[in-house]
Amino acid sequence: MPAQRPTTELDARYSSALTPRPGASEVTATPWDEAQGRLAAAEIFWVSTVRPDGRLHVTPCIAAWHEGVLYFSTGRTEQKAKNLAHDAHCALTTGANSLTDGLDLVVEGTAEPVGDPALLEEVITAYETKYGPHITSPEGTFHGIGDALRGGEVVLFAVAPDTAYGFGRDNGVYSHTRWTF
């Protein structure tokens with residue numbers, strides 16, 4: 001299930017490469033390794049799903065990047081679980097809240113429920129390592145998520161990227177990278 005090495009493309013139409021400003025002519029595509037590092041480090045993601053009537057549903061979530069796949073969870077009765085049961089296509093987005101600096105990332109793919117107990121344990125460990133006391137401490141916001149995942153009250157979804165996008169801003173110089181898997 002891990003994503004393959006993608007093809008990487010700078011889309012100059014939406015990058016500063018076509019805009020006459022300092023540094024714009026040197027704009028290059030963001031390397032996939034850098035994007036993966038940012039996916040691994042990001043604490044908050046926004047997951048976008050589609051309701052059965054076609055309306056979008058967007059909500060924040062925590063997620064773990066593990067061996068080329070992005071994992072997130074939700075309760076079985078939550079809206080995003082209902083949406084994914086109807087249409088498993090989704091997008092997870094993370095990034096910076098700045099107009100001039102940062103890298104925003106969008107991962108598009110199909111959310112697959114994780115049923116393999118060994119993989120489930122690997123991802124629980126990845127969550128615990130990444131979020132620390134937020135998951136491992138009894139006072140943590142997400143304490144008990146591991147047991148909820150093991151018990152089936154919460155569903156773990158795996159999203160191997162089909163396409164991903166990076167929208168970079170380096171002191172006002174913009175880049176738009178597309179990774180296709």
Side-chain angles (χ1 to χ4, degrees), residues 1-51 53-74 78-80 83-84 87-112 123 126-127 129-132 134 141-142 156-181:
M1 182 158 195
Q4 303 297 317
R5 201 84 187 140
T7 59
T8 301
E9 170 189 4
L10 177 72
D11 192 334
R13 296 173 302 163
Y14 306 109
S15 300
S16 290
L18 300 180
T19 306
R21 56 182 302 136
S25 63
E26 293 88 38
V27 170
T28 60
T30 303
W32 179 238
D33 289 340
E34 180 180 341
Q36 287 187 95
R38 302 254 185 147
L39 289 169
E43 293 182 352
I44 297 293
F45 291 79
W46 292 85
V47 60
S48 300
T49 59
V50 180
R51 297 173 193 261
D53 66 5
R55 291 180 299 133
L56 293 176
H57 179 257
V58 181
T59 186
C61 67
I62 61 173
W65 180 255
H66 179 66
E67 296 187 356
V69 177
L70 198 52
Y71 294 89
F72 72 96
S73 60
T74 187
E78 290 186 37
Q79 187 64 51
K80 58 186 163 286
N83 296 346
L84 292 169
D87 182 346
H89 295 97
C90 67
L92 286 110
T93 307
T94 192
N97 190 23
S98 169
L99 185 60
T100 57
D101 292 298
L103 179 65
D104 297 328
L105 296 165
V106 178
V107 173
E108 297 179 345
T110 303
E112 302 285 342
V123 177
Y127 265 94
T129 300
K130 179 176 183 176
Y131 292 101
H134 294 289
T141 303
F142 301 102
L156 181 67
F157 287 98
V159 179
D162 292 330
T163 305
Y165 300 92
F167 302 93
R169 296 171 308 286
D170 183 11
N171 200 23
V173 175
Y174 299 92
S175 65
H176 176 176
T177 304
R178 178 184 300 110
W179 298 281
T180 306
F181 296 83

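No hydrogens, no waters, no symmetry mates; every other heavy atom, side chains included, goes into these values. All residue numbers in this chain count up from 1 along the given sequence.
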task: Report the distance from atom OG of S73 to atom NZ of K80, rounding to the nearest 0.5 Å.
output: 8.0 Å

task: Identify the heavy atoms of Y127 and A63 that sit nearest to each other, and give their distance.
output: OH-CA, 4.1 Å

- prompt: Rounded to the nearest 0.5 Å, what separation is found between the OG1 atom of T93 and the CD atom of E108?
  reply: 8.5 Å

message: So, taking the atom named CG in L70 and the one named CG in L105, what distance separates them when rounded to the nearest 0.5 Å?
response: 10.0 Å

query: Got a second to check how far E78's CD is from T59's OG1, nearest 0.5 Å?
result: 7.5 Å

message: Between C61 and T74, is there a side-chain heavy-atom distance shorter than 4.5 Å?
response: no

Going by atom type alone, with no hydrogens or angles, which donor-acceptor pairs under 3.5 Å involve a side-chain atom of residues 157-167 and a protein atom two or more places apart or on another chain?
none

Electrostatic pair D33:R5 at N-O distance under 4.0 angstrom: yes

- prompt: Any salt bridge between R51 and D53, counting N to O under 4.0 Å?
  reply: no

message: Please find the pair of heavy atoms, one from A126 and one from H66, that lie closest to each other, and give the distance.
response: CB-ND1, 4.3 Å

query: Just wondering, do H134 and I62 contact through their side chains at under 4.5 Å, heavy atoms?
result: no

message: Looking at T94 and I44, would you say the former's side chain and the latter's main chain have a donor-acceptor pair under 3.5 Å?
response: yes

task: Check R38 against G102 and note the closest heavy-atom contact, atom names and distance.
output: NH1-C, 4.3 Å

- request: With rounding to the nearest 0.5 Å, note down the distance linking CD in Q36 to CD in E67.
  value: 11.5 Å

- prompt: So which heavy atom on A111 is nearest to which on C90, and how close?
  reply: CB-SG, 4.0 Å

message: Could you measure the distance from the OG1 atom of T30 to the CZ atom of R178? Nearest 0.5 Å is fine.
response: 13.0 Å

message: Do V50 and N83 make a side-chain contact, defined as non-hydrogen atoms from C-beta onward lying under 4.5 Å apart?
response: no

query: Closest approach of L10 and V27, non-hydrogen atoms and distance?
result: CD2-O, 3.6 Å

message: Give me each pair satisfying salt bridge (charged side-chain N to carboxylate O under 4.0 Å, His left out) with a member in residues 87-100, each pair once, sequence neighbours excluded.
response: none

query: Can you check whether F181 and W32 have ring centres sitting under 6.0 Å from each other?
result: yes

- prompt: Below 4.5 Å, heavy atoms only, C-beta onward: do T177 and T8 meet side chain to side chain?
  reply: yes

query: Which atoms form the tightest heavy-atom contact between V58 and W46, and what is the distance?
result: CG1-CE3, 3.9 Å

message: Is there a side-chain contact between R169 and D101 in this structure, where contact means two heavy atoms from C-beta onward sitting under 4.5 Å apart?
response: no

Enclosure of H57 NE2 (heavy-atom neighbours >12, cutoff 6.0 Å): yes

message: If you count heavy atoms of other groups shown closer than 6.0 angstrom to CG of N97, is the number above 12?
response: no

